[in-house]
Structure formats: structure tokens, C-alpha cells
Number of protein chains: 2
Amino acid sequence: MFNKIKHRNTKQRKVILEELKKTTLHPTAEMLFKMVKKRSPKISFGTVYRNLNLLKEQGQILELTCGKDSCRYDGDITPHYHFFCLTCKKVFDLNISVLDKEEKLYKDIYKKTGLAIKYHRLDFYGYCKECEIKMKEIKKSDK
Amino acid sequence: MFNKIKHRNTKQRKVILEELKKTTLHPTAEMLFKMVKKRSPKISFGTVYRNLNLLKEQGQILELTCGKDSCRYDGDITPHYHFFCLTCKKVFDLNISVLDKEEKLYKDIYKKTGLAIKYHRLDFYGYCKECEIKMKEIKKSDK
DNA sequence: TTAATTGCAAAACTTTTGCAACGCT
DNA sequence: AGCGTTGCAAAAGTTTTGCAATTAA
């Protein structure tokens with residue numbers, strides 16, 4: 001309870017956060033590793049992971065739901081939802097309203113189940129435009 | 001496009017599906033492996049994974065969103081949402097209404113973004129009752 | 001018979017971790 | 001100086017896969 005750690009501003013952490021904030025690709029740790037490597041060539045994979053976990057705990061970034069694939073990270077921490085392309089694995093931001101019934105819904109669930117919700121996640125899945133076009137072309141040539 | 005596979009009804013697949021359908025634990029592959037092993041002692045881990053993937057593709061079961069932990073599987077394929085305990089990792093079914101604005105929402109998103117949504121997922125996170133009690137006790141004893 | 005499936009073990013992947021060296025504060 | 005952090009490499013954990021043997025249809 002009194003193990004307050006004073007984190008330092010290392011060059012690596014700064015670069016990781018900056019690179020993540022400046023992209024909308026919702027990169028995986030590996031993608032980000034490559035991006036960061038351009039500015040900090042000696043950085044290691046472990047450092048990227050350690051910092052992503054730290055920044056996540058500090059609430060400076062978000063870790064999106066990852067399936068069996070690797071996690072995606074988001075430097076945009078304003079509440080918003082995502083669309084995941086089932087084919088190419090791209091992740092898109094959705095500009096729809098975040099459940100404003102949030103509080104009511106949370107209370108409803110609490111009343112019904114006794115479960116106190118901290119946060120929720122609403123993910124949409126489908127095929128992005130590019131992939132849909134590709135799929136149509138494949139179907140055509142199959143006939 | 002013409003690689004239609006005729007799947008067989010193997011004893012193993014049957015047991016895996018039955019065991020998954022009869023529990024509400026939303027087990028991981030490993031948990032299910034242990035459950036199935038009681039009835040099919042010689043079954044292997046690979047078989048469990050292969051069948052879970054097959055049953056998932058066939059739409060007979062659901063794979064829930066897994067973080068960095070292992071995936072959870074659900075034998076209940078009726079639309080419903082889940083609550084994930086951040087501490088003990090238990091998964092609970094929620095008995096709240098599934099977005100009935102679903103179609104409207106889907107269309108709105110399509111209009112706005114051109115993205116055609118196949119399905120969505122709404123996950124809630126927090127601490128279950130048991131874990132909340134434990135946490136309170138720890139805080140008490142810390143004072 | 002024959003092609004899908006299994007069991008086993010190895011491989012593939014993603015993420016975490018131990019440790020000595022390094023570098024913020 | 002003190003200790004949080006890094007780079008490196010090894011380890012851990014989850015899921016997939018190659019292959020010969022087995023089995024459902």
C-alpha cells in the first residue's frame with residue numbers, strides 16, 4: 001500500500017508514447033516496436049512491452065481487445081468504439097455516440113446482478129471496404 | 001470454393017460439445033480439456049483446440065474475447081453479453097437486453113463509414129461480488 | 001476403402017522476466 | 001548515490017501443426 005514507485009521519464013518511454021499517439025493504426029506491440037526503432041534503434045522488444053503495460057496502467061493509452069492475435073494499442077483515450085476487419089485485421093475508429101445510457105445501464109446491471117461495472121467495451125466486426133471488394137473479385141473469378 | 005469437407009461425428013467432438021454446453025463457466029481450452037478428459041481420458045490438447053475451432057466456425061459455440069489470457073468458450077450461442085471479473089477472471093452471463101437498435105445502429109454505421117458490420121460484442125468489466133468482499137477485507141487489515 | 005480425425009510432440013507466436021549494465025533524479 | 005529502466009536472451013504461456021496411426025462413413 002505504500003509502494004509508490006516514482007517513474008522516470010526515459011527517452012524510450014517518451015518515444016513509445018509519442019509514436020502511439022501520432023498514429024491511428026492501432027498498432028500491435030510489434031508494429032510499434034518497428035515504428036519506435038526508427039527513432040531509437042537500440043530499443044528492445046521487452047522495453048516496448050514493459051512500457052505499454054505501464055502506460056496502460058497509468059491510463060495514458062488503451063489496450064484493445066485482442067483475440068488470439070496480438071493485442072492492439074490505442075493512443076487515443078477518449079471514449080470511442082472500434083471496428084475490426086475480420087480479414088485484414090485493420091482496426092478503425094468509429095465515430096458513433098458512446099452509450100450515454102451508460103450510467104443507467106450500469107445501475108440496471110448492478111440492481112439485477114449485484115455486479116459493479118468499471119468499464120465496458122463495444123467492438124464491431126465485419127469486413128472493411130477494401131476486403132469486401134477483394135472478396136467480390138474472388139467470387140467473380142470463381143464462377 | 002468447392003472444398004466442402006464432410007465432417008464426421010467423432011466421439012471426441014461430441015464429448016467436447018456436450019461438456020461445453022452443460023457448463024456456464026465459460027471455460028478456457030485447458031479447463032475444458034480437463035473436463036473432457038474425465039470422459040475421454042486419452043484425448044489430447046490438440047484435439048480440443050482443433051474441435052473448438054471447428055465448432056466455432058460452424059457456429060455451434062462462441063469464442064469470447066480474450067485478453068492476453070487464454071480464450072474462453074461459450075456453449076450458449078443465444079445473443080447475450082458478459083461480465084468479466086478483472087481479479088479472478090470468472091465470466092458471468094448478463095441478462096440484459098441485447099441492443100435492439102442493432103439494425104438501426106448497424107445501418108447508421110454503414111451510412112457514416114461504409115463499414116458493413118457482421119456482429120458486435122459488448123463486454124463489461126469489473127470486480128465480482130466475491131472479489132469485492134476480499135478486497136475490502138484486505139483494505140481493512142491494511143489500516 | 002478413403003478421407004477426416006486423432007494423439008503425440010514439436011513448433012510457432014506472443015508476452016513476460018531475470019539480470020547485469022545503464023541513466024534519471 | 002539510489003533505484004527505476006534498459007537491452008538481451010531465456011523462459012513462460014497459449015495455440016497451431018506435421019505426421020503416422022486410427023476410425024467414421
Side-chain angles (χ1 to χ4, degrees), chain A residues 2-20 26-58 60-74 84 89 91, chain B residues 2-20 26-58 60-74 84 89 91:
Chain A
F2 39 80
N3 47 347
K4 194 89 184 160
I5 288 177
K6 288 222 174 115
H7 292 291
R8 295 171 184 168
N9 288 325
T10 64
K11 202 187 81 194
Q12 289 90 333
R13 180 143 61 237
K14 193 160 161 280
V15 174
I16 289 168
L17 184 57
E18 281 175 7
E19 290 300 312
L20 185 55
H26 307 85
T28 61
E30 195 189 356
M31 289 160 73
L32 193 59
F33 173 63
K34 284 178 187 163
M35 293 157 70
V36 166
K37 221 172 164 130
K38 289 177 188 163
R39 287 177 56 188
S40 288
K42 302 202 61 175
I43 202 167
S44 76
F45 225 94
T47 297
V48 171
Y49 270 107
R50 270 185 291 230
N51 278 297
L52 285 172
N53 284 333
L54 177 61
L55 292 166
K56 176 182 64 173
E57 275 160 35
Q58 294 178 333
Q60 298 200 65
I61 65 171
L62 291 177
E63 187 181 271
L64 306 186
T65 56
C66 24
K68 289 177 188 169
D69 311 315
S70 40
C71 280
R72 312 288 292 237
Y73 295 88
D74 196 340
F84 297 80
K89 309 294 180 187
V91 181
Chain B
F2 39 81
N3 47 348
K4 193 92 184 160
I5 288 176
K6 287 221 175 116
H7 292 292
R8 295 170 183 171
N9 287 324
T10 63
K11 205 187 81 195
Q12 290 90 334
R13 181 143 59 235
K14 194 161 161 281
V15 173
I16 288 167
L17 185 56
E18 281 174 10
E19 290 300 314
L20 186 54
H26 309 83
T28 62
E30 194 188 358
M31 289 160 73
L32 193 59
F33 173 63
K34 283 179 186 162
M35 294 158 69
V36 166
K37 219 170 169 141
K38 288 179 188 161
R39 288 175 58 188
S40 289
K42 302 201 60 177
I43 202 167
S44 75
F45 225 94
T47 298
V48 172
Y49 270 107
R50 270 185 291 230
N51 277 297
L52 285 172
N53 283 334
L54 177 61
L55 292 167
K56 177 182 63 172
E57 274 161 35
Q58 295 178 333
Q60 298 199 64
I61 65 171
L62 291 178
E63 188 181 270
L64 307 185
T65 55
C66 24
K68 289 178 191 171
D69 311 314
S70 40
C71 279
R72 313 288 293 235
Y73 294 89
D74 195 341
F84 298 80
K89 308 294 179 187
V91 181

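Letters A, B, ... mirror the listed sequences (proteins, then strands); counts begin at 1.
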Listed nucleotide nearest any side-chain atom of [X], set [options]:
X       : options               : answer
A:Phe45 : C:dT15, D:dG4, D:dT6  : C:dT15
A:Ile43 : C:dA4, C:dT6, D:dG7   : D:dG7
B:Arg8  : C:dA3, D:dC8, C:dT6   : C:dA3
A:Tyr49 : C:dT16, C:dC8, D:dA25 : C:dT16
B:His7  : D:dT6, D:dT14, C:dA4  : C:dA4
B:Asn53 : C:dC8, D:dC8, D:dT16  : D:dT16

Check this one for me: any side-chain N or O of [X] less than 4.0 Å away from OP1 or OP2 of [N]?
X       : N     : value
A:Gln12 : D:dG7 : yes
B:Thr47 : C:dT5 : no
B:Thr10 : C:dA4 : no

Which whole-number value in Å describes the distance from [X] [atom1] to [N] [atom2]?
X       : N      : atom1 : atom2 : value
B:Tyr73 : D:dT14 : OH    : P     : 12 Å
B:Ile16 : C:dT5  : CD1   : C1'   : 11 Å
B:Leu17 : C:dT5  : CG    : C1'   : 16 Å
A:Lys42 : C:dA21 : NZ    : C1'   : 11 Å
B:Lys89 : D:dG13 : NZ    : P     : 15 Å
B:Lys37 : C:dG7  : NZ    : C1'   : 10 Å
A:Arg72 : C:dT15 : CZ    : C1'   : 16 Å
A:Lys68 : C:dT15 : NZ    : C1'   : 17 Å

* To do: Ignoring hydrogens and angles, answer whether the base of D:dG7 and the side-chain atoms of A:Arg50 contain a donor-acceptor pair closer than 3.5 Å.
  => yes
* Counting N and O atoms only, with roles assigned by atom type, does the side chain of B:Arg13 sit under 3.5 Å from a partner on the main chain of B:Leu55, one being a donor and the other an acceptor? -> no
* Under 3.5 Å, side chain of A:Arg72 to main-chain N/O of A:His26, donor-acceptor pair present? -> yes
Looking for any heavy atom pair under 4.0 Å, which part of the strands does [X] touch: base, sugar-phosphate only, or nothing?
X       : result
B:Lys11 : nothing
A:Arg13 : sugar-phosphate
B:Asp69 : nothing
A:Cys71 : sugar-phosphate
A:Asn9  : sugar-phosphate

* Do the side chains of B:Gln12 and B:Val15 get nearer than 4.5 Å, heavy atoms only? -> no
* Asked: Heavy-atom distance under 4.5 Å between the side chains of B:Thr28 and B:Asp69, does that happen here?
  -> no
* Residues B:Lys38, B:Glu19: salt bridge by 4.0 Å N-O rule -> no
* Any chance NZ of A:Lys56 has more than 12 other-residue heavy atoms, nucleotides or ligands included, within less than 6.0 Å? -> yes
